[in-house]
Amino acid sequence: MDNRALAQVFGQIAALLEIKGENAFKIRAYRSAAEIIGDHPEAIAKLDPTQLRELPGIGKDLAAKIRELVETGECGYHRELLQEFPPTILELLRLQGIGPKTVALLYSALGIRSVDDLSTAIRDGRLRTLKGMGAKKEALIVKAIEERQRDEGRHLLAHTSAVADTVVGYLREQVPGIELIPVGSLRRGCETCGDIDILAIGAETGVMERFVDYPAVERVLARGASKSSVRLPGGYQVDLRLVPPESRGAAMQYFTGSKAHNIAVRDRAIQRGMKLNEYGLYTIADDRRVAGETEESIYEALGLAWIDPALREGRGEIDLAQERRLPALITESDLRGDLHMHTTVTDGRDDLETMAAAARALGHTYIAITEHSQALAMAGGLDERRTLEHAARIRALNGRCDGLTLLAGIECDILADGRLDLTDDCLAQLDIVIASVHSQLTQEPAQITDRLLRALECPWVDVLGHPTSRRLLRRDAMRFDVEAVMQAAVRHGVAMEINCQLERLDLSDTYARLAHERGVRLVISTDAHSTLELRHQRWGVQTARRAGLGPEQVLNTRDAATMQALLRRNRPH
DNA sequence: GCCGTTTTCGGCCCGACTGTTTTCAGTCG
């Protein structure tokens with residue numbers, strides 16, 4: 001059992017206990033165990049009970065349950081809970097606005113055990129018969145169901161990438177020498193992905209058989225000589241296509257997409273008396289093969305520079321490729337530091353020293369420690385006194401980190417009326433201030449706009465953190481006048497963040513592109529809550545690449561001194 | 001369920017919003 005599977009069991013136990021109305025601290029123990037297991041860099045299954053108990057939050061009971069799971073593949077307690085409630089009940093919990101109490105009520109009063117049951121109950125008017133279920137609550141639930149259906153079958157980029165890596169790794173082991181290339185939305189780096197498309201290049205070597213025999217396969221949807229599809233746990237559909245070497249480039253081009261990009265490229269081929277398909281580029285007149293072995297040869301034959309997959313969205317990249325004006329995109333190695341992270345002082349998992357050491361190991365030359373401010377009570381946000389005390393600790397450590405500059409910062413909440421959560425006097429004493437919205441995300445657009453504009457006016461705000469506060473597949477972006485906020489950011493010299501949290505990626509690619517066009521300066525920050533998450537820069541970089549950004553548009557590609565000089569606080573206001 | 005210079009029991013998790021309930025329960029971050 002891998003860490004993710006183990007974590008899932010404990011997550012389910014936590015959810016089921018919540019529905020049961022168990023002790024909140026017990027629930028938290030299971031939930032925290034799920035997080036610790038899921039994030040652990042090594043295989044939990046290899047640890048003996050003593051080693052397990054050394055993990056924070058794992059005691060005698062949980063260690064025993066982990067061993068039981070590893071040894072038998074099951075956990076009696078989990079099984080007992082699943083006998084009390086059908087497993088489909090957990091999908092109700094994923095609806096925005098529905099929590100454990102509501103799920104318990106729906107189940108006990110109406111026998112609702114799935115989202116489908118819930119939809120039926122709403123249609124029948126049975127939901128309204130329940131205590132606390134009025135018209136507005138019902139409308140909220142209807143909307144949550146719609147949102148869920150819209151996102152069904154889609155997965156976060158990072159998760160999709162991990163699943164694809166696992167499948168590719170397995171196939172490489174099974175069929176040595178075969179070349180495997182993930183294509184589709186994954187190769188383009190889209191923030192969420194539907195299917196996983198993988199190309200296998202080469203002669204028939206039994207790769208299809210190995211693929212459908214992959215142990216984790218839940219269901220084989222299709223199996224053939226050149227194409228097979230399977231479904232994996234978690235709702236991932238994976239398509240494998242076998243392609244001869246001479247069609248490698250054509251297949252990569254064809255299956256990488258996007259649809260809009262391919263239509264434009266094929267149209268261009270037709271205009272030049274050629275046709276393009278997944279096998280190659282051919283002349284229409286005599287069906288002569290012009291290109292196909294490499295993507296470069298195809299684009300070149302159409303008078304285009306090779307276009308990075310991140311840009312293949314039909315957003316003007318073809319014109320740029322023709323004019324040879326494609327941007328040189330930022331890469332992960334361009335980044336020199338990370339300007340947003342949390343430690344155990346608030347809701348981070350690792351302490352200051354550990355985070356600093358991990359950042360140094362990653363090759364960063366500077367990091368900013370930016371805890372939450374007091375308004376975020378649940379995260380243990382800091383008031384003025386604790387903020388300054390923490391800043392002093394960070395600065396004390398700064399001198400002792402060879403080659404790593406530590407900046408003392410804060411992620412300060414933007415309150416409902418646009419005021420900041422800490423005084424100007426406090427903010428002025430820090431090295432960097434990120435201002436972020438964490439509450440009241442559903443205010444009227446005009447109100448949110450005013451709120452953000454007011455926050456940007458504070459002279460000590462350097463960065464607007466996760467500007468839309470969206471959560472992918474979970475919650476839409478806040479609605480506000482993006483143009484007005486970007487103009488204000490330019491006017492005041494405030495940078496906007498591309499937040500690398502897997503379910504944020506906020507700014508999105510399209511907003512980051514807009515920000516760049518409007519002259520807004522950007523930073524790519526992990527918002528890491530553990531050393532592991534410091535590695536999430538690649539996803540923000542991917543977002544930036546899709547926005548067409550080069551290293552010069554991103555502040556934290558500069559060295560520490562230059563970057564600091566560019567922060568707003570160091571400019572005339 | 002975990003944890004312990006507050007140590008084997010009793011803390012641990014707080015504030016605000018929403019909708020509906022006329023005094024509060026549920027959800028969210």
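Letters A, B, ... are given to chains in the order of the sequence lines, protein chains preceding strands, and every chain is numbered from 1.
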Nearest of [options] to any side-chain atom of [X]?
{"X": "Leu62(A)", "options": "dG1(B), dT18(B), dG15(B)", "value": "dG1(B)"}
{"X": "Asp61(A)", "options": "dC17(B), dC2(B), dC14(B)", "value": "dC2(B)"}
{"X": "Arg28(A)", "options": "dT20(B), dG26(B), dC12(B)", "value": "dC12(B)"}
{"X": "Leu376(A)", "options": "dT18(B), dG26(B), dG29(B)", "value": "dG29(B)"}
{"X": "Phe25(A)", "options": "dC2(B), dC13(B), dG29(B)", "value": "dC13(B)"}
{"X": "Ala24(A)", "options": "dC13(B), dG26(B), dC2(B)", "value": "dC13(B)"}

Please report the distance separating the [atom1] of [N] from the corresponding atom of [M], rounded so that it comes out in whole Å.
{"N": "dT23(B)", "M": "dC14(B)", "atom1": "P", "value": "26 Å"}
{"N": "dT7(B)", "M": "dC2(B)", "atom1": "C1'", "value": "13 Å"}
{"N": "dT20(B)", "M": "dT8(B)", "atom1": "C1'", "value": "45 Å"}
{"N": "dG1(B)", "M": "dC13(B)", "atom1": "C1'", "value": "15 Å"}
{"N": "dC24(B)", "M": "dG11(B)", "atom1": "P", "value": "25 Å"}
{"N": "dG26(B)", "M": "dT22(B)", "atom1": "P", "value": "15 Å"}

* Asked: Ion pair present between Asp417(A) and Arg419(A), side-chain N to carboxylate O less than 4.0 angstrom?
  ->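 Yes, this pair counts.
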Between atom [atom1] in [X] and atom [atom2] in [N], what is the gap in whole Å?
{"X": "Lys101(A)", "N": "dC28(B)", "atom1": "NZ", "atom2": "P", "value": "12 Å"}
{"X": "Leu92(A)", "N": "dT27(B)", "atom1": "CG", "atom2": "C1'", "value": "15 Å"}
{"X": "Leu17(A)", "N": "dC2(B)", "atom1": "CG", "atom2": "P", "value": "13 Å"}
{"X": "Glu138(A)", "N": "dT20(B)", "atom1": "CD", "atom2": "P", "value": "10 Å"}
{"X": "Lys137(A)", "N": "dT27(B)", "atom1": "NZ", "atom2": "P", "value": "6 Å"}
{"X": "Lys65(A)", "N": "dC2(B)", "atom1": "NZ", "atom2": "P", "value": "8 Å"}
{"X": "Lys136(A)", "N": "dG26(B)", "atom1": "NZ", "atom2": "P", "value": "20 Å"}
{"X": "Ile13(A)", "N": "dC2(B)", "atom1": "CD1", "atom2": "P", "value": "12 Å"}

* Would you indicate what Ile98(A) reaches in the nucleic acid, counting non-hydrogen atoms under 4.0 angstrom: base, sugar-phosphate, or nothing? => sugar-phosphate
* Select base, sugar-phosphate, or nothing to describe what Leu93(A) touches, counting heavy atoms under 4.0 Å on all strands. =>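 Answer is nothing: Leu93(A) stays at 4.0 Å or more from every strand.
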* To do: Find which nucleotide of DNA chain B each of Met133(A) and Ala375(A) is nearest to by heavy atoms, and output the residue with the more 5' nucleotide.
  =>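 Counting from the 5' end, the first nearest nucleotide belongs to Ala375(A).
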* Between Val103(A) and Lys131(A), name the one whose nearest nucleotide on DNA chain B is closer to the 5' end. =>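 Looking at DNA chain B, the more 5' nearest nucleotide goes with Lys131(A).
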* Determine, using ring centers only, whether His529(A) and His536(A) are less than 6.0 Å apart. => no
* Asked: Testing Thr468(A), Thr526(A), Asp527(A) for side chain to side chain donor-acceptor pair (under 3.5 Å) with Asn499(A), which one passes?
  -> Asp527(A)
* Asked: Hey, is the side chain of Ser32(A) poking within less than 4.0 Å of OP1 or OP2 on dG1(B), counting only N and O atoms?
  -> no
* Considering just the side-chain nitrogens and oxygens of Arg53(A), establish if one lies under 4.0 Å of OP1 or OP2 belonging to dC3(B). => no
* **Parallel, tilted or perpendicular: rings of Tyr236(A) and His155(A) (30°, 60°)** =>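 Ring orientation of His155(A) relative to Tyr236(A): parallel.
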* Report the distance from atom CG of Leu441(A) to atom CZ of Arg470(A), rounding to the nearest 0.5 Å. => 14.0 Å
* Point-to-point distance, once rounded to the nearest 0.5 Å, from CD1 of Ile89(A) to CG of Leu16(A) ->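 Taking CD1 in Ile89(A) and CG in Leu16(A), the distance rounds to 8.0 Å.
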